[in-house]
Amino acid sequence: MDMHGTSGEVVHDDSAESLALEPRRYDQVAKAASAGIMSHRQVDSAVVEISGPPGSLVFHLWCTLLPEDDPSATIDHISAGLIANVEKILGQAFVTHDLNFTFAQRA
């Protein structure tokens with residue numbers, strides 16, 4: 001939002017603009033996290049959603065794994081490494097991690 005100063009210059013209210021951009025930024029980061037998870041050969045599908053106001057963010061994951069191999073390494077990578085990296089990108093920790101893992105039907 002722009003505000004006019006007394007000398008005629010335009011002053012940007014960065015706090016209002018950054019608050020308006022946050023949901024869009026969360027969506028972009030969530031899409032990137034989903035793509036990163038999908039790069040694992042054991043993952044059939046992954047959807048990440050980041051919700052909540054700044055300072056009270058929640059990380060939601062719905063992930064379907066292929067049943068061929070032991071999923072422990074993939075689950076550990078997501079729950080420890082990936083979430084920590086997303087927190088670094090956003091500059092804040094999640095208050096909750098809602099992780100939902102299911103297995104695809106065997107072909």
Side-chain angles (χ1 to χ4, degrees):
M1 177 161 79
D2 292 335
M3 300 174 66
H4 294 284
T6 57
S7 64
E9 78 274 5
V10 175
V11 178
H12 293 283
D13 182 3
D14 291 332
S15 62
E17 282 185 31
S18 65
L19 285 176
L21 293 176
E22 289 301 318
R24 202 169 356 158
R25 182 170 180 232
Y26 298 158
D27 288 344
Q28 291 172 340
V29 172
K31 287 178 185 175
S34 294
I37 294 168
M38 289 291 299
S39 70
H40 291 271
R41 66 175 181 77
Q42 192 172 9
V43 174
D44 184 51
S45 67
V47 176
V48 172
E49 180 182 285
I50 299 170
S51 65
S56 297
L57 295 180
V58 177
F59 183 94
H60 304 275
L61 169 65
W62 296 271
C63 184
T64 303
L65 301 169
L66 297 172
E68 285 82 31
D69 297 323
D70 178 12
S72 300
T74 301
I75 292 171
D76 287 344
H77 170 74
I78 293 167
S79 60
L82 181 112
I83 292 174
N85 288 337
V86 172
E87 289 175 332
K88 286 179 191 174
I89 290 167
L90 295 176
Q92 58 186 304
F94 293 106
V95 295
T96 304
H97 305 154
D98 177 26
L99 307 179
N100 299 283
F101 293 96
T102 59
F103 287 93
Q105 296 293 322
R106 289 190 185 269

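Residue numbers count from 1 along this sequence.
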Donor-acceptor list for residues 28-37 side chains, cut-off 3.5 Å, not counting sequence neighbours:
unit_1	atom_1	unit_2	atom_2	d
Ser34	OG	Ala30	O	3.1
Ser34	OG	Val48	N	2.8

**OP:** For Asp44, enumerate each residue passing the salt bridge (charged side-chain N to carboxylate O under 4.0 Å, His left out) test, keeping only those at least two apart in sequence or located in another chain.
**Re:** none
Original post:
Should side-chain heavy atoms under 4.5 Å link Ile, Leu, Val, Met, Phe, Trp and Tyr, which residues sit in the same cluster as Trp62?
Top reply: Val47
Could you list the donor-acceptor pairs under 3.5 angstrom formed by side chains in residues 50-57, with sequence neighbours left out?
unit_1	atom_1	unit_2	atom_2	d
Ser51	OG	His60	NE2	2.8

Subject >> In one Ile/Leu/Val/Met/Phe/Trp/Tyr side-chain cluster, 4.5 Å: Val58, Leu61 >> reply: no
**OP:** Apply side-chain hydrogen bond (donor to acceptor under 3.5 Å, both in side chains) to Ser39 and list each qualifying residue two or more places apart in sequence or on a separate chain.
**Re:** none
Subject >> Gln42 side-chain N/O to Asp69 backbone N/O, donor-acceptor pair under 3.5 Å >> reply: yes
Original post:
Going hydrophobic residue to hydrophobic residue with side-chain gaps under 4.5 angstrom, can you get from Leu99 over to Tyr26?
Top reply: yes
Subject >> Distance (rounded to the nearest 0.5 Å) between Thr96 OG1 and Phe59 CZ >> reply: 12.5 Å
Subject >> Pairing residues for His97 by the ring pair (Phe, Tyr, Trp, His ring centres under 6.0 Å) criterion, not counting sequence neighbours >> reply: none
Subject >> Ile78-Leu66 co-clustered via ILVMFWY side chain contacts under 4.5 Å >> reply: no
Original post:
Of Asn85, Ile89, Ile83, which is the lone residue that meets side chain to side chain contact (heavy atoms under 4.5 Å, CB included) with Glu87?
Top reply: Ile83
**OP:** Would you name the heavy atoms of Pro67 and Phe103 that are closest together and state the gap between them?
**Re:** CA-CD2, 4.1 Å
**OP:** Using the side chain to side chain donor-acceptor pair (under 3.5 Å) rule, pick out the option among Asp76, Asp70, Thr74 that qualifies with Ser72.
**Re:** Asp70
**OP:** Tell me whether Val86 is reachable from Met38 by hopping between hydrophobic residues (I, L, V, M, F, W, Y) whose side-chain heavy atoms are closer than 4.5 Å.
**Re:** yes
